[in-house]
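To find a chain, count down the sequence lines: A is the first, B the second, and so on, and within it residues start at 1.
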Protein chains: 2
Amino acid sequence: MINNFADRLIEQIRKKESAVVAGLDPTWEGIPEKIRHSASSVSDAVFEYNRRLIDALYDIVPAVKPQLAYYELLGLEGLSAYHQTVRYAKSKGLLVIADGKRNDIGSTSEAYAKAFLDINNCVDNFSVTRSAADALTVNPYLGIDGIAPFCDECNKNGAGIFVLVKTSNPSSGQLQDIKTEDGTILYERVASLVAEWGEDLIGKSGYSFVGAVVGATYPDQAKALRRLMPRTIILVPGYGAQGGSADTAAVNFNDDGLGAIVNASRSVMHAYKSPKWAEKYTADTFDLAARSEAIAMTNAINEAVARKLEAKK
Amino acid sequence: MINNFADRLIEQIRKKESAVVAGLDPTWEGIPEKIRHSASSVSDAVFEYNRRLIDALYDIVPAVKPQLAYYELLGLEGLSAYHQTVRYAKSKGLLVIADGKRNDIGSTSEAYAKAFLDINNCVDNFSVTRSAADALTVNPYLGIDGIAPFCDECNKNGAGIFVLVKTSNPSSGQLQDIKTEDGTILYERVASLVAEWGEDLIGKSGYSFVGAVVGATYPDQAKALRRLMPRTIILVPGYGAQGGSADTAAVNFNDDGLGAIVNASRSVMHAYKSPKWAEKYTADTFDLAARSEAIAMTNAINEAVARKLEAKK
């Protein structure tokens, strides 16, 4: 039975008592030497790295987020590891959010939607090598034409999308913060569109499978955005390496303690290198360090959300 | 010797006396049955289709534009055909514009930039299977952080980018036409940014390797955009199947008769199906039909540009 992606995600969040998404962004240099040197191929090295992270994290986080760019950088071998990773993560009960920020005109968005979310991978008598993720990040710049084909595909496959609203990078304001004629900010206009695009696609949980991306680095903006998109699940990047904290991430949660997931990539994957964990872990135990950091991050976010709800009472 | 991409493109446009870019957007259903049925794999079928199009077009058009979505849809097999296509097109003297509309925060944009434009594909002792295109389409929504890494990579490899400004699809106005506080339209603000981002990256031809995408379906907007980006090469999609004509495309050209390239995908690839060519060609001669259509389109655009320049005198 196929459920609404929002319901599936919230089920996992409740089960694992965590709103943390672990980024799986393997750079070649970031993979411990021992794994690189003993692997027979680039694909094997990347998958072995991800497999160890997944084994260390699958029971404590609801979802992983592979960033497509890092797999594409490693060519077909990298993408082969991506597809293996998607399959493996799903087999361990994790939801997979493919971070591709794809978008195009309607007919092309349809191709992207099927490429990343369609569980059927047969053409004529051939099967093609790809694995459907549970959700995909998408860019809003082309308007509804570029979004609707993703929603159609999500409906067929129980998948979801996260639409970029306010990104975590320093120059995100160059376009996103432009003030419009009616006094609203561009990112607010995009947020209103995201709420509109998703309003008929709400699951039993009360949340829509059309989510949004709002960076943890812009908490003031996030407050306004939360109000504009009450039934939207917000994917919050920018925690850790980019400077976002548990408190700046907590702003994105609703009063039900739900409605947001917080991603960390480098701070989890490379936790063993941080002063916080360097005494306890080495490159050989990068996966255990990632687990410790993911647990610490989960606790920090749960506490920050609890503080926020307490303060509201 | 590596040249500025803008110079390389203009050299090809002059040599071939054509500003037509042929889209290479293979859908499985769009590949003639004979090719599909005799191929031993999806990859072989897609590459054979593209190879025949390239053989029919390489001496008459300056560039081809494979749309990544259609290759990704066909999994690793599709992407294998993409890389073969890039290499083959380049070997025939064509420039390759990868249409991926990629973008992300800085560190991730760097990975995308290398994935699509870096001619070096070795990691440690492994080589990875990918082919550098000459240019990539990119999305501006994240501001300069998401663009600068592409410019750096272009500088290293003599490559270029085309930044989405005003797209050809019906709902492009939903965001792009929003009026801003100072009375300008969002797409104008993006155009000004594109001109600014590219101003120090101008080649001997007087054009920058930071190009722009402006749909042929919005000629009124294109007039204003041409003025805002005088040294920008404009990639004009939307000709043919999407409704753009030679005259609406001609608006994007400068008074030197240069400064724009016009893409057609379906109307060239599937020319044999159109009433215009159906008497002369069949699925077996789809490549010759594509050549005839590309020549007709080249002539139509050259004439429309000449008319426009004549009218200005």
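The two residues B/S40 and A/F126 have their closest heavy-atom pair at O-CE2, 3.7 Å.
Looking at heavy atoms from C-beta onward, A/L73 lies out of side-chain contact with B/Y112 at the 4.5 angstrom threshold. Annotation: side chain of A/Q174 is in contact with side chain of B/I144 (closest heavy-atom distance under 4.5 Å). Under the 4.5 Å side-chain criterion, counting only non-hydrogen atoms from C-beta, A/V128 is not in contact with B/L76. Between B/S171 and A/L142 the shortest side-chain heavy-atom distance does not fall below 4.5 Å.
Only the side chain of A/Q242 comes within contact range of chain B, with heavy atoms under 4.5 Å apart. Neither the backbone nor the side chain of B/A148 comes within contact range of chain A, judged by heavy atoms closer than 4.5 Å. Of the two parts of B/R36, the backbone and the side chain both hold a non-hydrogen atom closer than 4.5 Å to a non-hydrogen atom of chain A. With a 4.5 Å cut-off on non-hydrogen atoms, B/Y71 does not touch chain A at all. Looking at B/P140, both its backbone and its side chain come within 4.5 Å of chain A, counting heavy atoms on both sides. Of the two parts of A/F116, only the side chain, counted from C-beta on, holds a non-hydrogen atom closer than 4.5 Å to a non-hydrogen atom of chain B. Using a 4.5 Å cut-off between heavy atoms, B/S127 touches chain A through its backbone atoms (N, CA, C, O) alone. With a 4.5 angstrom heavy-atom cutoff, A/V165 touches chain B only via backbone atoms. A/S265 does not touch chain B: none of its heavy atoms, backbone or side chain, sits under 4.5 Å away. Contact of B/T167 with chain A is made through the side chain alone, with heavy-atom distances under 4.5 Å. Looking at B/E29, neither its backbone nor its side chain comes within 4.5 Å of chain A, counting heavy atoms on both sides. Only the side chain of B/L193 comes within contact range of chain A, with at least one heavy atom under 4.5 Å from a heavy atom of that chain.
For chain B, the option among A/T180, A/L68, A/I147, A/N125 with the highest count of heavy-atom pairs below 4.5 Å is A/T180. For the set B/A45, B/A69, B/S168, the count of heavy-atom pairs under 4.5 angstrom toward chain A peaks at B/A69. Considering only heavy-atom pairs separated by less than 4.5 Å from chain B, the leading option among A/D124, A/N121, A/T27 is A/D124. Your options are A/S107, A/G78, A/G215, A/A113, and the one with the most heavy-atom pairs under 4.5 Å with chain B is A/S107. Between chain A and the options B/P237, B/G143, B/S80, heavy-atom pairs under 4.5 Å are most frequent for B/G143. In terms of heavy-atom pairs under 4.5 angstrom with chain A, the leader among B/D99, B/D182, B/L164, B/D25 is B/L164. Contacts with chain A were tallied for B/G173, B/P170, B/S172, B/S109; B/P170 has the most, counting heavy-atom pairs under 4.5 Å. Ranked by heavy-atom pairs under 4.5 Å with chain A, the list B/L79, B/T184, B/T108 is led by B/T108. Listed options A/R102, A/R189, A/E110, A/K101 were ranked by heavy-atom pairs under 4.5 angstrom with chain B; first place goes to A/R102. For the set B/D118, B/T129, B/L175, the count of heavy-atom pairs under 4.5 angstrom toward chain A peaks at B/T129.
Not counting sequence neighbours, B/Y141 has no partner by the ring-ring contact (aromatic ring centres under 6.0 Å, His included) test.
Here A/E77 does not pair with B/R130 in a salt bridge; the nearest charged N to carboxylate O distance is not below 4.0 Å.
Expressed to the nearest 0.5 Å, how far CG of B/N169 lies from CD1 of A/I105 amounts to 6.5 Å.
Side chains of B/D104 and A/Q67: a donor-acceptor N/O pair is present below 3.5 angstrom, by distance only.
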Side chain to side chain contact (heavy atoms under 4.5 Å, CB included) between B/E72 and A/E72, intermediate numbers included:
CA-CA 11 Å; B/E72 294 187 0; A/E72 293 187 3; 3.5 Å; yes

